[in-house]
Structure formats: C-alpha cells, structure tokens
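Here's the structure we're looking at; comments come further down.
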Amino acid sequence: MSYLELSEQEIQRRETLNKLRELGINPYPAELYPVSDFSNEIKSNFNEGKQVCLAGRMMSQRIMGKASFAELQDSTGRIQVYINRDELCPGEDKTLYNEVFKRYLDLGDFIGVKGYLFKTQVGEISVHVQEFTLLSKSLKPLPLPKTDTEGRIHDAFTDPELRYRQRYVDMVVNPGVKEIFIKRTKLFNAMRQFFNDAGYMEVETPVLQAIPGGASARPFITHHNALDIPLYMRIANELYLKRLIVGGFDGVYEFSKNFRNEGMDRTHNPEFTAMEIYVAYKDYNWMMEFTEQLLEHCAMAVNGTTSATFGEHSIDFKAPYKRVTMRQSIIDFTGFDIQGKSEDELRIAALSMGIAVDETMGKGKLIDEIFGAKCEGNYIQPTFITDYPKEMSPLCKAHRDNPELTERFELMVCGKEVANAYSELNDPIDQRERFEEQLRLQEKGDDEAMFIDQDFLRSLEYGMPPTSGLGIGMDRLIMYLTNNASIQEVLFFPQMRPEVVQPKIELSATETEIFECMKIETEMLLPDLRAKVDMSNKQWDISLKTLTKNNLLKVSKEDDLLYIRLI
RNA sequence: GAUUCCGUAGCUCAGCUGGUAGAGCAAUACACUUUUAAUGUAUGGGCCCUGGGUUCGAAUCCCAGCGGGAUCACCA
C-alpha cells in the first residue's frame with residue numbers, strides 16, 4: 001500500500017511501529033500473556049493491594065508529566081491504570097515511560113499490565129502498574145466517543161453503514177452492541193437446554209438441497225461441478241426433519257440458517273436463522289403449551305424477567321398466552337364471519353374493507369389478506385392465532401372438526417409472526433394432492449414454483465407417526481428480547497452491498513493531457529495553459545488540483561501573474 | 001419496487017440568497033507525579049460521494065449516477 005493512500009494518522013502509526021522495532025520491542029509478540037484478572041471482576045470485588053495481571057485495548061490516555069492514567073478495555077469492561085515514571089523505570093533509563101508509553105502507544109493498542117490494586121484520591125479503582133507490555137499495535141485510529149460529566153455522549157460512532165460494515169469497530173467503541181450478541185447466544189443456549197432437558201435431539205440436515213422444499217420462496221441457486229447438477233441453498237429444513245421422524249426419532253430440532261433470494265429491509269436478511277422442532281405423537285394443542293413454556297423460559301434466561309420492552313410496547317412472555325381462532329379474530333376486528341362463505345363472498349367482503357384483491361386469490365389467500373390487513377397488527381401481547389384455512393398450509397393436517405381448516409397456529413407478538421406450528425400432515429395421499437394443488441395455484445402466475453419432493457412423499461408412504469412441528473424465527477425473537485427494530489442490529493454481519501473499491505491514484509485523461517503539455521513547456525502562464533487544453537471548467541479545476549496535490553506541478557503567483565511549473 | 005432525507009477532516013457535525021473550507025474531539029510537539037470529556041501553549045490535517053450542466057466563479061443551484069438511512073409495498 002502506498003503512503004499516498006493512508007491518512008496522516010495511519011502514516012504516523014506506521015512510523016511509531018518502526019521506532020518501536022528500533023528499540024527492540026516487538027509490536028506483535030508471539031508468546032502468551034498470563035492474564036489472570038478481568039476489569040468487571042476487579043471492580044465488583046475490590047481488594048486493595050491485590051496483585052493483578054490483565055490485558056486489553058488502551059482506550060484513553062491522560063499524561064501528566066511523570067505520571068499518567070490510561071483506561072484499559074478488556075472483554076468485560078474498562079478499568080483505569082496508573083503509571084508512574086520512576087516506578088516503571090527505577091534506573092537512569094526512562095525510555096520505557098518517556099518514549100514507549102508516552103510517545104509510541106496509541107489509543108486502540110493492546111497492552112498487558114501487571115501491578116496492584118488501589119483507589120485514587122477521587123476514589124476510582126485503579127491498577128498501579130509495575131510492568132507493562134505491548135501486545136499488539138493498532139494501525140488505524142478508532143472512532144472514540146466521549147462521555148462528558150453530564151453523561152452526554154459526543155462523537156458517537158453511529159453511521160449504520162459503517163457500523164454494519166465494520167462490526168468489529170462497532171463492538172469496540174459501542175459497548176451496548178456486544179450485549180445484544182451476548183443475549184443472542186443466551187437465547188440459543190436457553191432453547192437448546194430446554195429441548196435437551198425434554199429429551200429431544202439436535203440434528204443437522206443438508207444446507208445444499210437438490211429440491212428446495214418446506215416453504216415457498218425464491219431460492220439461491222448454485223452448481224455442483226462433479227455431479228453437474230444445480231443445487232439450492234435451503235429455504236427451510238422442514239422436510240428433512242420430518243424424514244428423521246419417519247426414521248424413528250421422537251423429537252428432533254435444528255437451528256437452521258435459511259437462505260431466501262428476496263428483498264432486504266429492516267426485518268428481512270437474505271440469510272436468517274430459524275429453529276424448527278418436530279415431536280412425534282403430539283398435536284398442535286400440545287405444541288401451544290410447549291411453546292409458551294419455552295418462551296417464558298427463554299425470556300427469563302436472556303433478560304432475567306418475562307417482561308420485555310419493544311419500542312412503545314411492553315410485552316410479557318409469561319405463560320399461558322391467549323388463543324384465538326382466525327375466524328374469531330376476523331369477527332372481532334371486522335364483524336365479518338368467514339365461516340361457510342364462498343370465494344366470491346370473501347372477495348366482496350375484502351373489497352368492502354378496502355383490501356386490494358385480484359382474481360388469482362383463492363379462499364385461503366383472501367382470508368389471509370383480511371387477517372393481515374385488519375387483525376394481525378392488533379396482537380401486541382403474545383397470542384396464538386389458530387386454525388388457518390387449508391390452502392395456506394400445504395404441509396399441515398386438516399382440522400379434526402372442519403375439513404376447510406388446518407390444525408395450525410402462529411404466535412403473534414407486537415403484531416408480527418414469531419412462531420408457526422402444525423399438527424403435521426402425515427397422510428401421504430393427502431400430502432401429494434396438496435402439493436399438486438399448490439402447483440395449480442402457482443401455475444396461475446406465481447414465479448415461486450414449488451417443486452414436488454418425491455422422496456419426501458416416499459418417506460411419508462412408509463409412515464410418519466402423528467407429529468407436531470414448530471418453527472421460530474430466531475432473529476425476530478431476539479429483536480423482541482433486545483428491543484431492536486432492525487434485524488441488522490441482531491446479526492453480526494448483515495448483508496450489505498459490496499463496498500466500492502477505491503480507485504488507485506493514477507492520472508485521468510484530462511490530467512494526463514495537462515501533464516503531457518507541461519512536460520514540453522516546463523513553465524507557462526496559467527491562462528495560456530488553460531487555453532491550450534480542451535476540457536470543461538470543472539475538469540480543469542479538478543485535474544489541476546490533483547496534479548498540484550501530488551506534487552507534479554506547482555502554481556505560483558508573481559507580479560499578479562499566475563505561473564505553472566513542472567516539478 | 002415507490003416516496004423521502006442524507007453524503008464536508010480520523011470521529012461527530014456547522015457552512016445563509018454562489019465569492020479563497022470551519023468547530024469540537026482525535027493526531028503531532030512542548031510543559032505538568034492521583035487525573036478522569038485532565039489542563040495549558042503551539043502545529044499539521046480536506047478528490048466538500050462521482051460525473052455532467054449553469055456561471056467570470058459551485059461544497060452551495062440544476063440533471064444523472066453511486067452509496068446509505070427512514071417510511072411504505074412485496075415476502076406464509
């Protein structure tokens with residue numbers, strides 16, 4: 001990398017790196033550093049005079065002549081360290097303090113310190129440093145927010161683009177960010193624990209699938225060279241988990257990275273994480289109880305309480321949750337009873353509610369539209385919506401009391417779906433007909449053609465026990481538990497458009513034209529040169545600035561005349 | 001996909017109806033032995049997102065593009 005492409009501060013840091021090497025200090029030492037203490041533990045359990053050894057980034061430095069304070073940030077927080085010149089360097093040679101610590105350490109560098117604990121005159125718990133070691137030099141300056149005496153934060157690193165693209169920086173300077181991801185991991189752990197305690201088994205199923213099944217969404221497509229076949233990134237893992245139930249497991253679950261080639265916004269990322277669990281010999285009523293127990297357990301594990309705040313809403317994950325059938329929900333919010341209505345009657349009703357409809361919509365779709373427009377948003381507290389129309393649920397068993405409905409529920413929180421569950425369809429003949437019905441619906445003009453997975457149907461023909469399955473959108477759930485309105489805040493590395501590569505510094509056509517001209521003339525009056533080249537004023541202006549900036553040409557003013565010279 | 005806002009120093013942001021580019025913090029140098037947004041003095045630092053247009057003159061006005069945010073639509 002050329003120095004031309006570096007900022008002043010980056011150049012300075014590279015120079016101090018060399019100075020450190022000249023002093024015989026390796027800025028990137030290989031040996032382990034014997035960390036024995038952490039800042040949060042020292043602060044919560046202060047023990048005057050205790051010998052400690054800790055390591056982290058130096059995040060601030062206050063030099064006051066022969067003594068200095070610095071803040072060390074480790075994985076658990078920050079702690080102040082105190083460095084005294086004559087204690088650090090008892091002999092004549094004060095280089096370690098005067099040069100290394102004061103001049104050649106930069107904010108963001110990793111250092112290790114050994115010393116003893118004490119409290120300063122103003123009562124701050126600090127480490128009295130007796131020995132410090134440079135562990136790793138930082139060559140780029142961190143954007144460092146400052147908090148003033150009244151708690152206001154200045155210069156916060158807030159630009160979402162930079163925060164997502166450089167999440168590593170985001171986490172170093174914005175401490176709340178790490179908290180979100182710690183909670184995310186706690187959520188996964190709590191769920192695993194709950195399932196494992198219930199005796200169910202975590203499994204792994206294919207991410208690359210020859211037939212992307214289990215949902216209807218546009219897949220990402222790739223190619224396997226050796227087999228010379230197209231393969232798809234999975235959009236769901238449902239059909240594979242059901243095969244495992246066929247194979248004889250009583251309960252299987254998987255945290256599944258799914259991939260959908262669709263739009264991105266604050267609740268959708270092309271890759272996202274779903275949890276799916278299937279339990280044999282259960283139905284969706286059992287699954288509702290299981291789900292509310294699960295979420296209560298998870299909320300406690302993540303936040304230590306079942307209540308959570310999401311935006312303006314206060315929600316409570318304490319079981320049990322209200323259960324409302326889709327029919328009753330639509331009656332509640334529109335007064336309209338969908339029971340026994342024909343497709344035309346539903347279409348007219350939807351139109352009268354101001355919902356856009358078209359001829360391709362079947363009964364199920366119409367009902368779903370009405371529910372989505374008029375009901376869904378009203379369920380703030382966790383609520384089970386049950387008994388969805390059959391057309392919307394091709395993998396779900398028909399309702400035991402009403403063949404037009406299915407044994408399905410969705411869990412709504414803050415007006416959005418966080419979980420979806422069925423009494424799974426295990427009648428292979430019915431399943432085949434549902435798939436074919438889906439195909440017919442999609443031939444009407446849906447580009448998300450669903451493939452019929454013949455192997456899945458074959459597995460059902462061998463027999464699948466009655467089974468209930470549940471899927472949870474993990475990203476969405478953690479958004480609720482951490483009060484984040486954007487999925488990007490709960491993913492370490494949300495999908496971004498690729499960064500544009502900065503063009504190398506090389507002369508443009510107009511710059512070359514000017515430069516070639518000056519190579520011949522060496523010295524000219526500026527207006528003469530301007531007259532000689534053919535370009536817009538803006539091109540002229542920018543080209544000249546670039547050339548002078550890179551020390552190729554120089555403009556000088558003599559006796560009110562502007563001269564340009566080759567350097 | 002639609003609407004709307006934004007893009008200026010390492011960071012956060014000013015910059016009026018066009019007239020030589022600004023602040024705070026960060027950086028550099030010096031002083032200072034319990035400070036904490038340390039302090040004091042001095043110094044350096046800019047493709048004002050890109051391209052085109054209007055103009056004697058554009059960070060500023062106009063057009064197009066790129067990138068990002070927000071809202072809406074689509075997405076079981």
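Labels below follow one simple rule: chain letters A, B, ... track the order of the sequence lines, proteins then strands, and each chain is numbered from 1.
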Worksheet item: Between A:K397 and A:E407, is the closest basic N to carboxylate O distance under 4.0 Å?
Response: no
Worksheet item: Quick one: do A:R266 and A:E489 make a salt bridge, cutoff under 4.0 Å?
Response: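 No salt bridge links A:R266 with A:E489.
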Are more than 12 heavy atoms, taken from residues, nucleotides or ligands other than [X], located less than 6.0 Å from that residue's [atom1] atom?
X      : atom1 : result
A:K140 : NZ    : no
A:E312 : CD    : no
A:E404 : CD    : no

Tell me whether the side-chain N/O atoms of [X] come closer than 4.0 Å to OP1 or OP2 in [N].
X      : N     : result
A:R62  : B:A38 : yes
A:K365 : B:C75 : yes
A:Q121 : B:U36 : no

Item to complete: Give a yes or no on whether a donor-acceptor pair under 3.5 Å exists between the nucleobase atoms of B:U36, that is its base, and the side chain of A:E71.
Response: no
Worksheet item: Just by protein heavy atoms under 4.0 Å, how would nucleotides 24-30 of chain B read 5' to 3' in B, S and -?
Response: BBBSSSS
Discussion item. Quick check on RNA chain B: between A:E417 and A:S126, whose nearest nucleotide comes earlier from the 5' end?
Written reply: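 Its nucleotide being nearer the 5' end, the pick is A:S126.
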Discussion item. Pick the closest RNA chain B nucleotide for A:M392 and for A:R266 by heavy atoms, then say which residue is nearer the 5' end.
Written reply: A:R266
Practice prompt. Hey, could you give me the CD1/CZ distance between A:I452 and A:F435, rounded to the nearest 0.5 Å?
Written response: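 Those atoms lie 7.5 Å apart.
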Worksheet item: Distance from A:T76 atom OG1 to A:I42 atom CD1, nearest 0.5 Å?
Response: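 One gets 8.0 Å once the value is rounded to the nearest 0.5 Å.
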Between [options], which one does the side chain of [X] approach most closely?
X      : options             : answer
A:D265 : B:C74, B:G69, B:U33 : B:C74
A:H268 : B:U35, B:A76, B:C75 : B:C75
A:E161 : B:U33, B:G67, B:U35 : B:G67
A:E262 : B:G67, B:U36, B:C75 : B:C75

Give each protein N/O atom lying under 3.5 Å from an N/O atom of nucleotides 1-3 of chain B, with the pair distance.
none

Any base atoms under 4.0 Å from [X], or only sugar-phosphate, or nothing? Heavy atoms, all strands.
X      : result
A:F118 : base
A:V173 : nothing
A:R163 : nothing

[X] [atom1] to [N] [atom2]: how many Å, rounded?
X      : N     : atom1 : atom2 : result
A:R218 : B:C75 : CZ    : C1'   : 9 Å
A:N174 : B:C11 : CG    : C1'   : 12 Å
A:I125 : B:U36 : CD1   : C1'   : 14 Å
A:L405 : B:A76 : CG    : P     : 20 Å
A:L162 : B:C6  : CG    : P     : 19 Å
A:D159 : B:G68 : CG    : P     : 11 Å
A:Y82  : B:A38 : OH    : C1'   : 14 Å
A:Y97  : B:U33 : OH    : P     : 9 Å

Worksheet item: Where does the angle between the aromatic ring planes of A:F371 and A:Y379 fall among parallel (under 30°), tilted (30 to 60°) and perpendicular (over 60°)?
Response: parallel
Item to complete: Fit a plane to each ring of A:H128 and A:Y82, take the angle between them on a 0 to 90° scale, and name the class: parallel (under 30°), tilted (30 to 60°) or perpendicular (over 60°).
Response: perpendicular
Practice prompt. Please check if the distance between the ring centroids of A:Y388 and A:Y422 is under 6.0 Å.
Written response: no
